[in-house]
Protein chains: 2
Amino acid sequence: MTTDSEPGRRERNKQLKQARIFQAARELFDRRGYAAATTQEIADLADVASGTLFRYATTKAELLLMVYNEEYRAAIERGIHAAADESGAERRLRALLGPLLTASRTNSENTAVYQREVLFGDPDEQYRAAGLELSRQLQESIAAILLDDDPRVPPTTGSEVAARAISDILHLEIARSGLGRDSSEDLLGLVFAQIDLVVIGFRATLSATLSAT
Amino acid sequence: MTTDSEPGRRERNKQLKQARIFQAARELFDRRGYAAATTQEIADLADVASGTLFRYATTKAELLLMVYNEEYRAAIERGIHAAADESGAERRLRALLGPLLTASRTNSENTAVYQREVLFGDPDEQYRAAGLELSRQLQESIAAILLDDDPRVPPTTGSEVAARAISDILHLEIARSGLGRDSSEDLLGLVFAQIDLVVIGFRATLSATLSAT
DNA sequence: GCAAATAACGGAGTACACTCATTAATGAGC
DNA sequence: GCTCATTAATGAGTGTACTCCGTTATTTGC
């Protein structure tokens, strides 16, 4: 009886293993990149059998999502806080997305794979679902900023449409920058040039709708 | 001497094999879907050894791109023609993209894999390069429509930025619809709602730029 | 404490995309 | 037509993600 309601040895062991696997995956993906790191190596480093590894993550891709969800969750949270201190949709969006875009520039290969897997993998797998939830949250924050922007706000005026467009642009441009296409490599400029268009379009649409009633 | 400049037996045999492989890949991808079709089956149906298959397409994904590039090339061509008969950016874009979006609704799994592979695979592989070229062409057509739209046209006014945003939206929304997310399933409506925002944003930006000078 | 039930582990086994050393076919020079 | 160089075809082999089921550890009921 160390302290109160014990989780039981079994549960504790599971959590320890989970932690070891997380660390091992992070380490090897960072050091050698997603493709080069084998699940066997990760299992070895985590000191579990390969079969065990797959009880904690159903797929190699799930391991990557497990690791990077944490990075991105943190980046998005920072962005949400930063956005709260700004005003004007453009400035707030820059504050919101800045941390995420910065985080996306480290370890380009893994960034691209992350996007690929979140977008295209089985959405029922645990960590992929978590990644999608992050994306959904971000999209909501974007929609909120768009609505806030205009004081004449009648809620639900297609802000979700604009937010979705922005989210799509984000996902793909981050992926492309990770893949090393785009000679220029000015991810920030490229992304915001596109986003601003959507924002302006949203505003114009909103004005038109309002003056029509 | 059947007729003029013979291609030689070797070349003819290669083309025959290429054709058999194309057919076999098409057939099996259509019948069983990308994931379920094995390269061995395709090789068998094409009546070549598995090793030979990979001399004609370096990758299983390349086989898919090989097949579907043709579908999409045709759809885009139809779209370009249809757009020529319309006026107004919104109408022309609907005409341009309609055939592509319609084609994307058959065989959803393969559609999603196609998008995944064009976007994320090695751009130096033969058929992927061809797929990217198609996407680039479509993007150009979009940019051209945007510029044409406004008679006060000073060329190169960020129409590429808008076209790129639209292209990103297209790629992702087509992919998502192939993946069967989005309960609604109104691909056309979803896509054009987003595209129209970008178009309006582009116009507004253009007007602002023009009146500033 | 012991037995039975349940959950987690392990690691050999499987499936499948892709490779590579060997063999066969083709065409050029004579 | 024969020889030789070049190119293509072959299929057994390889690497790796993932599975499966017998074994082991933990918990529960008595």
Side-chain angles (χ1 to χ4, degrees), chain A residues 1-2 5-21 24-25 28-29 32-67 113 116-117 120-122 124-128, chain B residues 1-2 5-21 24-25 28-29 32-67 113 116-117 120-122 124-128:
Chain A
M1 51 165 85
T2 36
S5 65
E6 311 276 306
R9 202 201 308 283
R10 200 171 259 176
E11 188 56 27
R12 263 180 295 131
N13 261 324
K14 258 173 65 167
Q15 287 181 0
L16 281 179
K17 259 174 200 152
Q18 155 69 32
R20 289 210 310 275
I21 288 169
L28 283 172
F29 286 145
R32 328 208 321 135
Y34 180 78
T38 70
T39 55
Q40 190 58 61
E41 286 175 309
I42 295 171
D44 289 349
L45 185 58
D47 195 33
V48 295
S50 65
T52 304
L53 188 71
F54 286 100
R55 298 180 47 73
Y56 287 82
T58 54
T59 274
K60 185 185 179 185
E62 278 275 288
L63 286 170
L64 187 79
L65 294 164
M66 180 179 84
V67 169
V113 177
R116 188 187 71 200
E117 291 300 326
F120 289 92
D122 177 355
D124 293 338
E125 288 181 336
Q126 177 179 189
Y127 294 108
R128 194 133 18 197
Chain B
M1 52 167 84
T2 37
S5 63
E6 310 276 303
R9 203 201 305 284
R10 196 169 262 177
E11 189 56 28
R12 263 181 294 133
N13 261 323
K14 260 174 64 169
Q15 286 181 359
L16 280 179
K17 258 174 200 152
Q18 155 69 32
R20 291 210 309 276
I21 288 169
L28 283 171
F29 286 145
R32 329 208 319 135
Y34 181 78
T38 70
T39 54
Q40 189 59 63
E41 286 176 307
I42 295 172
D44 289 349
L45 185 57
D47 195 34
V48 296
S50 65
T52 305
L53 190 70
F54 288 100
R55 297 179 48 74
Y56 287 80
T58 54
T59 275
K60 185 185 179 185
E62 278 274 288
L63 286 170
L64 187 79
L65 294 164
M66 180 180 83
V67 170
V113 177
R116 188 186 71 200
E117 291 300 327
F120 289 91
D122 177 356
D124 292 340
E125 287 181 335
Q126 176 179 189
Y127 294 109
R128 194 134 17 199

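All values reported here derive from a predicted model rather than from experimental measurement. Below, chains carry the letters A, B, ... as their sequence lines are ordered, and counting in each starts from 1.
Rounded to an integer number of Å, the gap from R9(B) CZ to dA24(C) P is 18 Å. Remark: C1' of dA8(C) and CZ of F54(A) are 17 Å apart, rounded to the nearest angstrom. Atoms NZ (K60(B)) and P (dT16(D)) sit 19 Å apart, rounded to a whole Å. Counting to the nearest Å, the C1' atom of dT6(C) and the CG atom of N13(A) are 16 Å from each other. As rounded to whole Å, 16 Å separates atom P of dA25(C) from atom CZ of R12(B). Protein atom CG of L64(A) is 13 Å distant from nucleotide atom P of dA17(D), rounded to whole Å. Rounded to whole angstrom, the span from the CG atom of L53(A) across to the P atom of dC9(C) amounts to 11 Å. In this structure, the CG atom of L28(B) is 12 Å from the P atom of dA17(C), given to the nearest Å.
T52(B) comes within contact range of at least one nucleobase, with a heavy-atom separation under 4.0 Å. Among the heavy atoms of the strands lying under 4.0 Å from S50(B) is at least one base atom, whether or not backbone atoms are also near.
Nearest heavy-atom pair across R128(A) and G121(A) is NH1-CA, 3.1 Å. Summarising the geometry of A57(B) relative to E62(B), their closest heavy-atom pair is CB-CB, 4.0 Å, with the distance given to 0.1 Å.
The main-chain N or O of Y56(B) is never found under 3.5 Å from a side-chain atom of K14(B) such that the two would form a donor-acceptor pair. Proximity of a side-chain donor or acceptor of E41(B) to a complementary backbone N or O of T38(B) within less than 3.5 Å is detected.
The side chain of A49(A) has dG10(C) as its nearest neighbour among dA8(D), dG11(D), dG10(C). For R55(B), the listed nucleotide lying nearest its side chain is dT10(D); candidates were dT10(D), dC16(C), dG27(C).
Where R10(B) and D47(B) meet DNA chain D, the nucleotide closest to each residue was compared, and R10(B) sits on the side nearer the 5' end. For the pair G51(A) and G51(B), both in contact range of DNA chain C, the more 5′-proximal nearest nucleotide belongs to G51(A). Between E11(B) and Q40(B), the one whose closest nucleotide on DNA chain C sits nearer the 5' end is Q40(B).
Checking the phosphate oxygens (OP1, OP2) of dA8(C), no side-chain nitrogen or oxygen of Y56(A) falls inside 4.0 Å. For the pair K17(B) and dA8(D), the criterion of a side-chain N or O lying under 4.0 Å from OP1 or OP2 is not met. Within the 4.0 Å cut-off from OP1 or OP2 of dA17(C), at least one side-chain nitrogen or oxygen of T39(B) is found.
Side-chain contact between T59(B) and L65(B) is absent, with no heavy atoms from C-beta onward closer than 4.5 Å.
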